[in-house]
Amino acid sequence: MAQTSREIVTRCLKFQCPERIPRDLWDLPWAVDHIRADLDEANRRFPGDFGAPAAVYRPSPRVTGDQYGIGTFVDEWGCTFTGLQKGVIGEIRDPMVKDLADWKSVKPPYETLPEDRSKARDAVNRSCAGSTLFIRGRCNPRPWERYQFLRGTEDAMMDVMTQEKECLQLLRSIHEFYLKEIEFWAGTDVDGIQFMDDWGSQRQLLIPPPLWRELFKPMYKDYCDLAHARGKFTFMHCDGHITEIYPDLIEVGVDALNSQLFCMDMAELGRIAKGKITFWGEIDRQHALPSRDPQVVRDAVRKVAKHLYDPKGGIIAQFESSPGTHGPNMIAIFEEWEKIEAEARAQS
């Protein structure tokens, strides 16, 4: 009998020979507006294996505007983003906390968490039971990025280097809120918990690795420990060149890591991480996905397969339909993965 999407993803994460590579196409709002026909065709021919549970968060009175629109958007923390292009999240131009001494003015959005947890949990569990997809909780903790949103990137970088007590107190406040979020989702029937933080530039980590290990590694370990204690898999997204912390993320228990593989030495990643973590995509969105030459994107898939593919599992065919993506490339990616899998079966 054919494996369900939930079974395919679970076997992939456990290196237990899924019947095929799991698929996860991120259809960003930009793609819906600009390459909708190609996106619909890719989803029709290659349905994704991931889903979301019932929506149980309460609306925040702080939220105004359109997150992906042109103009001003205020999120549930009160951070103000300025959007210049439709379909793309804006940037912080005016940070909330200009003086670190005012860190107590930050009020984490506890009001958005379910008021009746039992009722919310039941709703989530019903949606999980009614689906054969692999379901990830709706939370997405991001302590470093949240700190940047509150302070602005330049001041945030200075804060973590000097480590004034107010910096550590604000980080702790952010972290405690995210622990509450994960605690709720870990108590439901979702299959996985997701969190993120972008830590890499194009060539190296944004801060010295020892400092990262001191301040942030323990937070991610807390998230993984909380999720694993309730039998949930953990998924993390982290952009940039992060080779230096791959072993750390494996150590704290990240099950699947979404990173910009093409920013790094893929052969080195294979040596240090293959068989120890699931590579949750991706395909190069800076050069390959915008290319009008289909062979470029097919070669990109082949490069990932050469260094990271294992028929037993450990890889998810994920990529992002971000601004500039050439629509037909989405289908070409999934077609190439099918060819690679067919070749592997023929050789076994």
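In this text, all values refer to a predicted model and were calculated from it rather than measured experimentally. Quick note: numbers below take in every heavy atom, side chains included, and nothing from hydrogens, waters or symmetry partners. If you read the sequence from its start, that first residue is 1, and numbering goes on from there.
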(request) Count the heavy atoms belonging to other residues, nucleotides or ligands that lie under 6.0 Å from CD of E19, then report whether that count exceeds 12. (result) yes
(message) For the CD atom of Q3 and the CD1 atom of I8, what is their distance to the nearest 0.5 Å?
(response) 5.5 Å
(request) Report yes or no: does D49 contribute a side-chain atom to a donor-acceptor pair with the main-chain N or O of P22 at less than 3.5 Å? (result) no
(message) Could you check whether F216 and W199 have their ring centres less than 6.0 Å apart?
(response) yes
(request) Assess the side chains of H175 and Y147: does a donor N or O sit below 3.5 Å from an acceptor N or O? (result) no
(message) As an exercise, state the distance from CD1 of I277 to CG of L257, rounded to the nearest 0.5 Å.
(response) 4.5 Å
(request) Verify the distance criterion only: is there a donor paired with an acceptor across the side chains of Y110 and E176 at less than 3.5 Å? (result) no
(message) Please confirm whether the ring centroid of F177 lies under 6.0 Å from the ring centroid of W77.
(response) yes
(request) Go through E111 and R58 one step at a time and tell me if the salt bridge (Lys or Arg N to Asp or Glu O under 4.0 Å) criterion holds. (result) CA-CA 7 Å; E111 71 279 359; R58 292 182 288 171; over 6 Å; no
(message) Against F319, only a single residue in W26, F334, F262, W337 fulfils ring pair (Phe, Tyr, Trp, His ring centres under 6.0 Å); can you say which?
(response) F334
(message) I'd like to know if the side chain of K107 and the backbone of K104 have a donor-acceptor N/O pair within less than 3.5 Å.
(response) yes
(request) Check whether any side-chain N or O of D191 sits under 3.5 Å from a backbone N or O of I135 as a donor-acceptor pair, and report yes or no. (result) yes
(message) What I want to check is whether the side chains of H237 and N140 have a donor and an acceptor closer together than 3.5 Å.
(response) no
(message) With a 3.5 Å distance limit and no angle check, can you tell me whether D198 reaches the backbone of D239 through a side-chain donor-acceptor pair?
(response) yes
(message) Looking only at side-chain N and O atoms, does D255 offer a donor or acceptor that is under 3.5 Å from a partner on T234?
(response) yes
(message) Under a 3.5 Å distance rule, please check whether S201 uses its side chain to pair with a backbone N or O of R203 as donor and acceptor.
(response) yes
(message) Can a donor-acceptor pair be found, under 3.5 Å and without considering hydrogens, that links the side chain of N258 to the backbone of G281?
(response) no
(message) In terms of relative ring orientation, are F134 and F50 parallel, tilted or perpendicular, with 30° and 60° separating the classes?
(response) perpendicular
(message) Rounded to the nearest 0.5 Å, what separates atom NZ in K217 from atom CG in L215?
(response) 13.0 Å
(request) Start with the C-alpha distance between I315 and L308, add both sets of side-chain angles, then the distance that settles side chain to side chain contact (heavy atoms under 4.5 Å, CB included), and finish with yes or no. (result) CA-CA 7 Å; I315 196 158; L308 307 179; 4.1 Å; yes
(message) If I take atom OG from residue S321 and atom NE2 from residue H34, how far apart are they, to the nearest 0.5 angstrom?
(response) 12.0 Å
(message) Using 0.5 Å steps for rounding, measure from the CD1 atom of I340 to the NZ atom of K306.
(response) 12.5 Å
(message) Check whether F235 forms a cation-pi arrangement with R136 (NZ or CZ under 6.0 Å from the six-membered ring centre, at most 45° off the ring normal).
(response) yes
(message) Is it true that, when you exclude K221 itself, more than 12 heavy atoms of the residues, nucleotides or ligands shown sit nearer than 6.0 Å to its NZ?
(response) no
(message) Donor-acceptor pair, distance only, cut-off 3.5 Å: does the side chain of R11 make one with the backbone of Q16?
(response) yes
(request) Could you tell me if the ring centre of F149 sits under 6.0 Å from that of F81? (result) yes
(request) Taking D102 for its side chain and S105 for its backbone only, find out whether a donor-acceptor pair lies under 3.5 Å. (result) no
(request) Please work out which of the three classes, parallel, tilted or perpendicular, describes the rings of Y220 and F195, given edges at 30° and 60°. (result) parallel
If you look only at distance, which donor and acceptor atoms sit under 3.5 Å apart when one is on a side chain in residues 160-172 and the other is two or more places apart or in another chain?
residue: T162; atom: OG1; partner: M158; partner atom: O; Å: 3.1
residue: T162; atom: OG1; partner: D159; partner atom: O; Å: 3.3
residue: Q169; atom: OE1; partner: W103; partner atom: NE1; Å: 3.2

